S.K.: 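Below is a structure I'd like to ask you about.
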Amino acid sequence: MNNKLDTAGAIAVASQHLHELSGHVFDLLTVSKPITPDAAVNLSKVVSKLSPLLGNLIEFNTVEFLNDQEEFRGLGEWRRQDPGFPDTVFDGITPTPGFEIKAWFPLATEITARFKDSQNHFADDNTHVCMLAWLPEHIIYGKPYILDVVVVSGRSVAEARDNHYHNPPDYLVLEPEDTTARTRNLQQTNTNGYKLQTTDSAELAEALRIVQSWGDGGRTYRPTPDYQHRLRELLGRFNYRLDTNYAKMDRIVHGELEAFKTRVMATKVHGLTVREWERLFRSPDEARIKRVLEERLGVTEGDPDTLLE
């Protein structure tokens with residue numbers, strides 16, 4: 001037991017253990033092997049619907065996994081926050097270490113999880129993001145297992161997000177209003193993105209002139225009150241639309257997350273890369289899907305019992 005762990009040390013130790021989850025099978029729920037190739041094709045079309053349920057179960061079990069680690073015994077406890085940000089925090093060290101845990105099923109759509117919390121919440125860099133890519137053991141059936149894991153600084157994700165989206169006057173990233181006087185459940189913590197809607201050339205020229213008047217570095221994002229005041233003047237003067245797709249983690253363009261996505265999609269599982277499986281299941285050619293499932297997963301008529309190793 002280490003009685004000298006500080007915030008950075010706790011994050012480092014927990015991150016190391018989280019990476020050890022790669023290849024780990026969670027005994028949470030088992031999808032039975034389909035009994036015919038036709039049933040396998042049908043299952044391939046709907047297995048992604050399990051993603052929200054199993055994603056949440058994986059996130060809960062990850063907190064239990066951290067609490068089982070020897071290094072944290074006697075120091076405190078990892079605790080799930082639901083609702084709340086981040087998903088799990090460690091009670092016993094100050095500043096409080098925490099992880100925002102995101103489970104990603106790469107055979108579904110893009111990474112739809114969002115990361116909207118303000119840069120101002122990461123001054124101590126004590127919150128990290130852990131993303132776990134998971135699949136059923138046999139692509140469409142079996143228990144969920146962790147394919148790969150990445151852990152990155154939450155502050156770096158917030159900065160990458162703001163730098164990617166913010167482009168005044170065309171696109172504004174705005175901090176939440178100061179709500180520190182409110183009770184905790186009413187405090188606002190999320191940034192939002194706004195897209196300029198006007199096509200009037202005179203308005204566009206005026207908006208651009210205002211931004212240019214801010215001088216060198218005026219387009220560089222800052223979460224400070226003075227800079228936010230400038231942005232809100234633009235928001236009040238011109239027509240902007242709230243961007244409902246803002247802050248999806250698949251679109252943030254964070255170097256480590258992009259490398260993680262590329263690595264996951266290139267990982268071979270049962271003879272094909274994850275990308276190849278994803279493209280196969282999006283194909284309208286059901287005969288080909290059936291043939292590949294027979295060849296790769298051994299799904300044949302009247303064979304409901306044996307799971308492939």
Side-chain angles (χ1 to χ4, degrees), residues 21-26 28-59 102-115 131-150 164 243-309:
L21 284 173
S22 291
H24 179 77
V25 175
F26 278 108
L28 303 172
L29 177 151
T30 301
V31 178
S32 297
K33 184 178 182 179
I35 60 174
T36 66
D38 285 332
V41 171
N42 291 332
L43 182 58
S44 73
K45 296 176 181 179
V46 299
V47 68
S48 65
K49 296 184 185 299
L50 289 173
S51 182
L53 170 64
L54 283 175
N56 282 329
L57 291 175
I58 288 171
E59 291 167 12
K102 306 289 187 184
W104 172 39
F105 181 63
L107 295 183
T109 56
E110 64 180 4
I111 302 173
T112 55
R114 298 174 192 267
F115 193 87
M131 187 172 293
L132 305 102
W134 70 275
L135 291 172
E137 293 171 282
H138 307 288
I139 306 297
I140 58 173
Y141 70 91
K143 297 180 176 67
Y145 84 101
I146 304 302
L147 186 65
D148 204 343
V149 178
V150 68
H164 171 66
D243 180 9
T244 56
N245 285 316
Y246 167 74
K248 284 186 176 179
M249 294 193 72
D250 204 56
R251 307 181 186 186
I252 284 175
V253 192
H254 180 283
E256 290 175 88
L257 293 180
E258 293 298 315
F260 171 71
K261 290 189 293 182
T262 299
R263 187 170 72 241
V264 167
M265 299 309 287
T267 300
K268 277 200 170 185
V269 184
H270 289 280
L272 298 178
T273 66
V274 175
R275 175 67 71 195
E276 288 170 332
W277 281 112
E278 186 261 341
R279 288 173 176 166
L280 175 70
F281 293 148
R282 284 194 289 109
S283 168
D285 189 348
E286 291 196 1
R288 179 170 175 265
I289 297 173
K290 185 187 300 185
R291 184 173 66 254
V292 173
L293 291 176
E294 288 182 26
E295 293 172 353
R296 300 293 179 182
L297 302 184
V299 179
T300 57
E301 295 285 349
D303 180 25
D305 298 320
T306 304
L307 293 180
L308 292 179
E309 297 298 332

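Everything numeric here is computed off the predicted structure, so don't read it as measured data.
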S.K.: Would you call I58 and I146 a side-chain contact if the rule is heavy atoms closer than 4.5 Å?
M.R.: yes
S.K.: With heavy-atom distances below 4.5 Å as the criterion, would you say the side chains of V150 and M131 are in contact?
M.R.: yes
S.K.: Got a second to check how far H254's NE2 is from H164's NE2, nearest 0.5 Å?
M.R.: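 Result: 13.0 Å between the selected atoms.
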S.K.: Nearest 0.5 angstrom please: L43 CG to I35 CD1, how far?
M.R.: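 Taking CG in L43 and CD1 in I35, the distance rounds to 11.5 Å.
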S.K.: Give a yes or no on whether the backbone of H270 and the side-chain of W277 come within a donor-acceptor separation of less than 3.5 Å.
M.R.: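 The answer is no, because no donor-acceptor pair under 3.5 Å joins these two groups.
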S.K.: R288: which residues meet the side-chain hydrogen bond (donor to acceptor under 3.5 Å, both in side chains) condition with it, sequence neighbours left out?
M.R.: none
S.K.: Would you confirm whether K261, through its side chain, and D250, through its main-chain N or O, come within 3.5 Å as a donor-acceptor pair?
M.R.: yes
S.K.: Please give me the minimum heavy-atom distance between N245 and R251, naming the atom from each residue.
M.R.: CB-NH1, 3.5 Å
S.K.: Quick one: closest heavy-atom pair of E294 and V299, and the distance?
M.R.: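 Smallest heavy-atom distance, with atoms named: CG-O, 3.2 Å.
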S.K.: So which heavy atom on T273 is nearest to which on A266, and how close?
M.R.: CG2-O, 3.6 Å
S.K.: To the nearest 0.5 Å, tell me how far L57 CG sits from L50 CG.
M.R.: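 It is 10.0 Å, given to the nearest 0.5 Å.
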S.K.: Is the side chain of T267 donor-acceptor paired with the backbone N or O of R263 at a distance under 3.5 Å, no angle test?
M.R.: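 Looks like yes, one N/O pair under 3.5 Å.
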S.K.: Indicate yes or no: at least one non-hydrogen side-chain atom of L135 is less than 4.5 angstrom from one of F105.
M.R.: yes
S.K.: Salt bridge (charged side-chain N to carboxylate O under 4.0 Å, His left out) with R275: which residues, sequence neighbours excluded?
M.R.: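 By the salt bridge (charged side-chain N to carboxylate O under 4.0 Å, His left out) rule, R275 matches E278.
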S.K.: List the atom of T30, the atom of K143, and the distance in Å for their closest heavy-atom pair.
M.R.: OG1-CG, 3.2 Å
S.K.: Do you know the tightest heavy-atom contact between G142 and H138?
M.R.: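 That would be CA-CD2, 4.5 Å.
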S.K.: Does any non-hydrogen side-chain atom of L21 lie less than 4.5 Å from one of F26?
M.R.: yes
S.K.: Measuring only between side-chain heavy atoms, which start at C-beta, is Y145 closer than 4.5 Å to V269?
M.R.: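 Yes - at least one pair of side-chain heavy atoms lies under 4.5 Å apart.
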S.K.: Between V31 and I140, is there a side-chain heavy-atom distance shorter than 4.5 Å?
M.R.: no
S.K.: Could you tell me the separation between the CZ atom of R279 and the CG atom of L107, rounded to the nearest 0.5 Å?
M.R.: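 With rounding to 0.5 Å, CZ (R279) is 12.5 Å from CG (L107).
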S.K.: Can you check whether L132 reaches W104 side chain to side chain, under 4.5 Å on heavy atoms?
M.R.: no
S.K.: Mind listing the closest non-hydrogen atom pair of I289 and S283 along with its distance?
M.R.: CD1-O, 3.6 Å
S.K.: What distance do W134 atom CH2 and H24 atom NE2 have between them, rounded to the nearest 0.5 Å?
M.R.: 14.0 Å
S.K.: Let me confirm one number: the CD1-CG distance from I139 to L293, rounded to the nearest 0.5 Å.
M.R.: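 So the CD1 of I139 and the CG of L293 are separated by 9.5 Å.
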